[in-house]
Protein chains: 2
Amino acid sequence: MVTIKDVAKISGVSPSTVSRVIANNPRISEDTKKKVRKAMKDLGYHPNINARNLVAKSTKAIGVIMPSSTNVALQNPFFPEILRGIGSVLHDAEYSMYLSTGETEKEILSEVQRIVYGSYVDGVILLYSRINDKVTNFLREQGFPFVIVGKPYDFDTEINHVDNDNFRAGKEITNHLIDMGHEKIAFIGGSRELFVTRDRESGYVAALNEAGIEECDAYRIHTEFLKSGGREAVEHLMSLDTKPTGLVVSDDLISLGILSMLESYGIRVPQDISLVSFNNVYLSEITKPALTTVDIQIYELGAQSAKVLIEKTKNKNEPAKRIIIPYQIVYRDSVNRLS
Amino acid sequence: MVTIKDVAKISGVSPSTVSRVIANNPRISEDTKKKVRKAMKDLGYHPNINARNLVAKSTKAIGVIMPSSTNVALQNPFFPEILRGIGSVLHDAEYSMYLSTGETEKEILSEVQRIVYGSYVDGVILLYSRINDKVTNFLREQGFPFVIVGKPYDFDTEINHVDNDNFRAGKEITNHLIDMGHEKIAFIGGSRELFVTRDRESGYVAALNEAGIEECDAYRIHTEFLKSGGREAVEHLMSLDTKPTGLVVSDDLISLGILSMLESYGIRVPQDISLVSFNNVYLSEITKPALTTVDIQIYELGAQSAKVLIEKTKNKNEPAKRIIIPYQIVYRDSVNRLS
DNA sequence: TTGAAAGCGCTAACAT
DNA sequence: ATGTTAGCGCTTTCAA
């Protein structure tokens, strides 16, 4: 391994001068810089990150916590896309990304403790937000820089987070259905533990209320992701006396399952029932019909969270931020006007 | 920060003894170990990874290179799943994972050089395999431990790789179509640059040949992923005088697009045309119809590659391995017997 | 079984 | 503008 000393020897300066050249210290003459840089190149020198981190007490690395699990919901294309957003910002800032996947909360917590205590990273991005999350609590207690993609279950003025206005989005997309003449509108959401689900559902309820449409419990369904859940939801809805003519579904992935179930039942979208959903994952474009859905800008969600976190790691006094990424409704073919 | 010295002071031993306790050195008496461990716990001591790496000249970390890009193909659920497989093995081995995403080959190369030269990681997993890849070349020249998920374009006896037998899989799934009475079978694949595409296609061709079915160029289509590509493929195929009755599609994601296009044309699957594909991403279960597809065991692909790589980093003399993960055909509803 | 001392590669006062 | 020195937290000879 080529060290700073080798470079120093070859270029006839001291190690500290080499170090200063690396840091591009302005008090080093251009001449020496040139000389040293040449030596670095000739020798193929690259700084050893561990030595540097040791003294700098900073790693220029961010930990990303991705709740992996056998649950297929986490095979969501959401993740590669948000990683892409994070990665892009980190790359520009010359930070690295440290990815932790863990199945259980306990596993995740011990991972996080390891990387925090061991100075692996300067900050952490949480790609999930659960009610009463131990990881969040730990990070908070440690005063360690972190940011949540989504909404913290508590202390939301103290905790950095990047989110959409899911309430408003839920309301707006429901209103779209109402504007198109629908009144019997059902909501199909994922786990109630997740804030996204709750917020989107509240928006849905608010829209109904404002429009003077009575909401009914039978129209609000929570399902685990995908196939089986989709089946139950559709079966339940279709067993009702007054069947809905519109569906607000809280995730494109769930919509896929629903779409498939509806087809089994010979119910056509949008002719027989209209459907809107959330995320605008690329899949929503290639379903039949293509989905009218809320584009939540996943990439941006990732990019902004990385940006906020880096600021925070650089300046511990940076106040906690809440960043709301604007959404946009993408109108496609899954909604019909009810005449 | 609590250091080894603090622990030493509290427990009344020397720093080196503490270090030995951490390493669980057998020559330290159980008594001292107990004493030291208590002190570590009381103080909340955690080893500083950078200091350790610096002297150990090993990081117990693996770099994973994920070709991110705006190309939606990379929003493939394949990635979260393979990361899950890798993460699980790394976690058990107490390794950490560095994730690098890069848009261009140049960007990826410089990332890889940075983490290799800077001793960020002990080894690298490449989540892609391109023809004449600079990154592969670099790693090979450096003699740096790495493994490719897929097939190396060259030196495949010298390079660790974990792959499926895509040729055989392609042949077998095509044979399934043939067994079901199909003769006019088309192939729709992704980029020809990718070995997966090539191998699966070769398998398809081999099956036709063995069955004495003449292959024709008009039946072999290569498309970029998803929507637009799917459209062209279907339009082309349906403009033919003798339209195919069977389709071998090289990726579930492409199949989704194709399915959607076919439906636009009023062509029913499997009544009018049968379709088989590859990967068995969870989506293939919730399409209408559910897809008959090759389960390539994505999780296993990731887990095994991590395993091989860790072995290699621990023992540089470990010979290069080629690991073939068995596949399995999952029969669902997208194929009809032709009578 | 334990301690003392050196050193991993780098940065950052403090000198000059 | 550059060199000298100390030290980051840890592991590992070498000595006892």
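Computed from a predicted structure; not experimentally measured. Quick note: numbers below take in every heavy atom, side chains included, and nothing from hydrogens, waters or symmetry partners.
Following rounding to the nearest Å, A:I22 (CD1) and C:dC10 (P) show an atom-to-atom distance of 7 Å. What separates CG of B:N50 from C1' of C:dT11 is a distance of 14 Å, to the nearest Å. Between B:L43 atom CG and D:dG9 atom P the separation is 14 Å, expressed in whole Å. Rounding to whole angstrom units, CD1 of residue B:I4 and C1' of C:dC8 are separated by 14 Å. The interatomic distance linking A:R52 (CZ) with D:dG9 (P) rounds to 18 Å, in whole Å. Rounded to an integer number of Å, the gap from A:N24 CG to C:dA12 C1' is 17 Å. Separating the NZ atom of A:K60 from the P atom of C:dC10 is a distance of 16 Å, rounded to the nearest angstrom. Across the protein-nucleic acid pair, A:N25 atom CG and C:dC14 atom P stand 16 Å apart, rounded to whole Å.
Note on B:S19: every side-chain N or O is 4.0 Å or more away from OP1 and OP2 of D:dT12. Under 4.0 angstrom from either OP1 or OP2 of D:dA1 there lies no side-chain N or O belonging to A:K33. OP1 or OP2 of D:dC10 lies within a sub-4.0 Å distance of a side-chain N or O belonging to B:Y45. Between B:K57 and C:dG9, a side-chain N or O to OP1/OP2 separation shorter than 4.0 Å is present.
Residue contacts shown for A:T3 are limited to sugar-phosphate atoms, with no base heavy atom under 4.0 Å away. Counting non-hydrogen atoms under 4.0 angstrom, A:R27 reaches a base of the nucleic acid. Looking at heavy-atom distances under 4.0 Å, B:S16 makes contact with a base.
Counted within 6.0 Å of CD on B:E94, heavy atoms from surrounding residues, nucleotides or ligands total 12 or fewer; the atom is thus considered open. Surrounding NZ of A:K60 are more than 12 heavy atoms belonging to other residues, nucleotides or ligands, all under 6.0 Å away. Summarising the local packing, NZ of A:K321 is surrounded by more than 12 heavy atoms from other residues, nucleotides or ligands at distances under 6.0 Å.
Taking OH of B:Y98 as the reference point, atom CD1 of B:I125 lies at 15.5 Å (rounded to 0.5 Å). Taking CG of B:L99 as the reference point, atom CG of B:L127 lies at 8.5 Å (rounded to 0.5 Å).
With the nearest nucleotide of DNA chain D identified for both B:T17 and B:L54, B:L54 has the one nearer the 5' end. If B:P15 and B:A51 are placed on DNA chain C by their nearest nucleotide, the residue sitting closer to the 5' end is B:P15. Looking at which nucleotide of DNA chain C each of A:V2 and A:R20 is closest to, the 5′-most match is held by A:V2.
Listed candidates were D:dG9, D:dC10, C:dT2. Nearest to the side chain of B:P47 is D:dC10.
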